[in-house]
Amino acid sequence: MPERRFWLMKSEPGVYSYDDLLKEEERIAEWDGVRNYTARNTMRDDMQVGDGVLFYHSNSKPNAVVGYAIVVKAGYPDFTAWDPNSDHHDPRSAPDNPIWYMVDIRAENKFHKPVTLQQIKSHDHLQDMVLVKNSRLSVQPVTNRQWKIILTLGMSV
DNA sequence: GCCAACGTTGGC
DNA sequence: GCCAACGTTGGC
């Protein structure tokens, strides 16, 4: 049984928000459309069922982790890549040779208090998060300690 | 709206 | 394989 790991995934709330995830059937969504190799590798190789996912709103007011989710399906080919009608169509990818991968996540809890990027940047034990160091990576690892701190901050009443 | 940082593409 | 040019992300 592999150790449970933790991740952070970003989304622009105007495109897809945590509330959108809550409205999905069984609160589960396919995390399709990621077209970055580092993020792809993480989803394809590292994310496992049961792992925790911080859900972060980027390009938002405020930018913040707004809730968390759980991985319910490990990496598998992102079939939107070979759908010509998809916004994320990539003609280089094909069913017999997929380039892009995704996972499924299920919403677990919306934070009572979103944990803002400002908070994270000024917190002694959070300011070395990948989120701060490389703001462009849309799927990124989170340490056990970072996870615990952010969940405590977000779920406190 | 601006722009810095980053990732990708493509010519050589 | 290098690197300039370009496109995108995302904070401010």
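Owing to the predicted nature of the structure, the values given are computational and were not obtained by experimental measurement. Only this structure's heavy atoms are used, side chains among them; waters, hydrogens and symmetry mates stay out. Note on naming: letters A, B, ... go to the chains in the order of the sequence lines (proteins, then strands), and numbering restarts at 1 for each one.
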Check the distance between [N]'s [atom2] and [X]'s [atom1] and give it to me in whole angstrom.
X: Gln140(A); N: dG7(B); atom1: CD; atom2: P; value: 12 Å
X: Leu131(A); N: dA5(B); atom1: CG; atom2: P; value: 17 Å
X: Glu12(A); N: dT9(C); atom1: CD; atom2: P; value: 7 Å
X: Asn63(A); N: dC12(C); atom1: CG; atom2: P; value: 7 Å
X: Trp100(A); N: dG7(B); atom1: CH2; atom2: P; value: 12 Å
X: Arg136(A); N: dC3(B); atom1: CZ; atom2: P; value: 17 Å
X: Lys61(A); N: dG10(C); atom1: NZ; atom2: P; value: 17 Å
X: Gln118(A); N: dG10(C); atom1: CD; atom2: P; value: 18 Å

- Task: Please work out whether the ring planes of Trp147(A) and Tyr68(A) are parallel, tilted or perpendicular, with thresholds of 30° and 60°.
- Result: perpendicular
- Task: For the pair Phe55(A) and His57(A), name the ring-plane relationship: parallel under 30°, tilted 30 to 60°, perpendicular over 60°.
- Result: perpendicular
- Message: Classify Lys121(A) by what it touches in the nucleic acid, base, sugar-phosphate, or nothing, heavy-atom distance under 4.0 Å.
- Response: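 Sugar-phosphate: the residue Lys121(A), judged by heavy atoms under 4.0 Å, touches backbone atoms but no base.
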- Message: Is there a side-chain contact between Leu117(A) and Leu131(A) in this structure, where contact means two heavy atoms from C-beta onward sitting under 4.5 Å apart?
- Response: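 In contact.
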- Item | Test item: Asp46(A) and Asn41(A) side chains (from C-beta on) under 4.5 Å apart, heavy atoms | no
- Note on the structure: The salt bridge (Lys or Arg N to Asp or Glu O under 4.0 Å) partner of Arg35(A) among Asp87(A), Asp90(A), Asp78(A) is Asp78(A)
- Message: Checking contacts here: which listed nucleotide (dG10(C), dG7(B), dC12(C)) is nearest the side-chain heavy atoms of Asn59(A)?
- Response: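 Shortest atom-to-atom distance from the side chain points to dG10(C).
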- Query: Of the nucleotides dG7(B), dT9(B), dG11(C), which one has an atom closest to the side chain of Arg92(A)?
  - Reply: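 For Arg92(A), the side-chain atoms sit closest to dT9(B).
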- Query: Quick one: is Lys10(A) getting a side-chain N or O under 4.0 Å of the dG10(C) phosphate, OP1 or OP2?
  - Reply: yes
- Under 4.0 angstrom between Lys133(A) side-chain N/O and dG11(C) OP1 or OP2: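 Indeed not, no polar side-chain atom of Lys133(A) lies that close.
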- Query: Taking DNA chain B as the partner, which of residues 31-40 of chain A come within under 4.0 angstrom of it by heavy atom?
  - Reply: Asn36(A), Tyr37(A)
- Message: Keeping His88(A) on the side-chain end and Ala81(A) on the backbone end, is there a donor-acceptor pair under 3.5 Å?
- Response: no
- Item | Carboxylate-amine/guanidinium contact Arg40(A) Asp45(A), below 4.0 Å | no
